[in-house]
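Given the structure is predicted, the values throughout are model-derived calculations rather than measurements.
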Amino acid sequence: MKTEDDVRTLLRDAARDYPTAPPPTRLVIDRGRRAKSRRLAWVAGGAAASVIVLAVVAGVAGHVDTGSGRIGPTRGHDDLNSDQASTMPMLIGLTPTD
Amino acid sequence: MTDGRSGDRDEEFSLFVAERWPTLVRAARLIGCSASEAEDLVQSALVKCYVSWARVSRAVERDAYVYRLLLNTHRSGLRRRSSRETPTDLSRTAIAVAVDERTYLQTSVEAALGRLGAPARQIVVLRYYLDLSERQTAEILDIPAGTVKSRLSRALSQLSDDPALEGLPGWSPR
């Protein structure tokens with residue numbers, strides 16, 4: 001019979017080599033003009049950044065522009081290029097709400 | 001416009017994501033997700049986490065709270081998929097084509113975990129990979145601590161005898 005520590009070691013050994021993409025470099029959050037609306041998208045970073053829109057809660061969403069690396073103007077980071085985006089820690093851009 | 005408070009919150013959340021991301025994705029793999037499903041699952045759970053960040057960040061056991069979100073999101077995803085997708089035994093296929101030691105280890109462990117069944121598999125991952133206590137595991141899964149204990153004991157026995165794990169380094173018969 002194996003011990004609990006054997007299982008711990010086994011799981012850690014197996015999990016250690018799972019390739020994990022780096023965490024998203026930026027999370028773009030757009031609350032839109034109405035509070036009900038929340039649209040979130042992650043930009044995985046890099047020149048060929050892929051965008052996954054995760055959740056759209058019903059409501060009228062504002063604008064989400066992730067492809068260009070542009071994030072909400074309220075944080076003062078505008079028109080980031082993809083090189084900048086790939087080297088930046090994850091930022092969160094919020095568009096103006098109501 | 002954002003105010004200072006939401007800026008702090010976002011920064012705190014960003015740090016949390018950056019720090020926990022690999023562990024959450026790996027835990028998702030161990031509970032049975034493919035690589036892409038794991039990332040999707042973690043992202044979905046983190047979205048929920050962000051939306052209720054005020055509550056999450058105040059939680060005494062924040063990580064446990066997030067693991068609960070992860071598992072709940074996983075369960076609801078399975079329910080949605082079960083009506084329109086038919087799972088196949090990918091692990092068996094994967095073992096057949098495994099070409100290197102690393103892949104062999106992963107597919108063997110996945111196959112063995114898969115045979116435990118979803119509830120026991122989740123308990124094993126929470127308890128032995130994420131190192132939660134039996135009490136925390138019980139709270140997250142909303143089951144009695146005694147059930148956690150008994151399922152762990154059965155899982156340990158089953159893993160000990162699982163043929164997929166035979167011959168793995170450090171897992172030789174005792």
Pairs involving residues 44-58 of chain B, ordered by first then second residue, that meet salt bridge (Lys or Arg N to Asp or Glu O under 4.0 Å) (sequence neighbours left out): none
Sequence-distant partners of Asp5(A), salt bridge (Lys or Arg N to Asp or Glu O under 4.0 Å), two or more places apart: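 Asp5(A) satisfies salt bridge (Lys or Arg N to Asp or Glu O under 4.0 Å) with Arg8(A) only.
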Distance (rounded to the nearest 0.5 Å) between [X] [atom1] and [Y] [atom2]:
{"X": "Leu113(B)", "Y": "Leu11(A)", "atom1": "CG", "atom2": "CG", "answer": "6.0 Å"}
{"X": "Leu10(A)", "Y": "Leu105(B)", "atom1": "CG", "atom2": "CG", "answer": "6.5 Å"}
{"X": "Tyr18(A)", "Y": "Arg26(B)", "atom1": "OH", "atom2": "CZ", "answer": "10.5 Å"}

Qualifying side chain to side chain donor-acceptor pair (under 3.5 Å) pairs with a residue from residues 150-164 of chain B, counting only residues at least two apart or across chains: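 Matches after skipping sequence neighbours: Arg115(B)-Asp162(B).
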Sub-4.5 Å side-chain heavy-atom contact between Lys2(A) and Leu159(B): no
Within residues 127-134 of chain B, which positions have a heavy-atom distance to chain A below 4.5 Å? Arg127(B), Tyr128(B), Tyr129(B), Asp131(B)
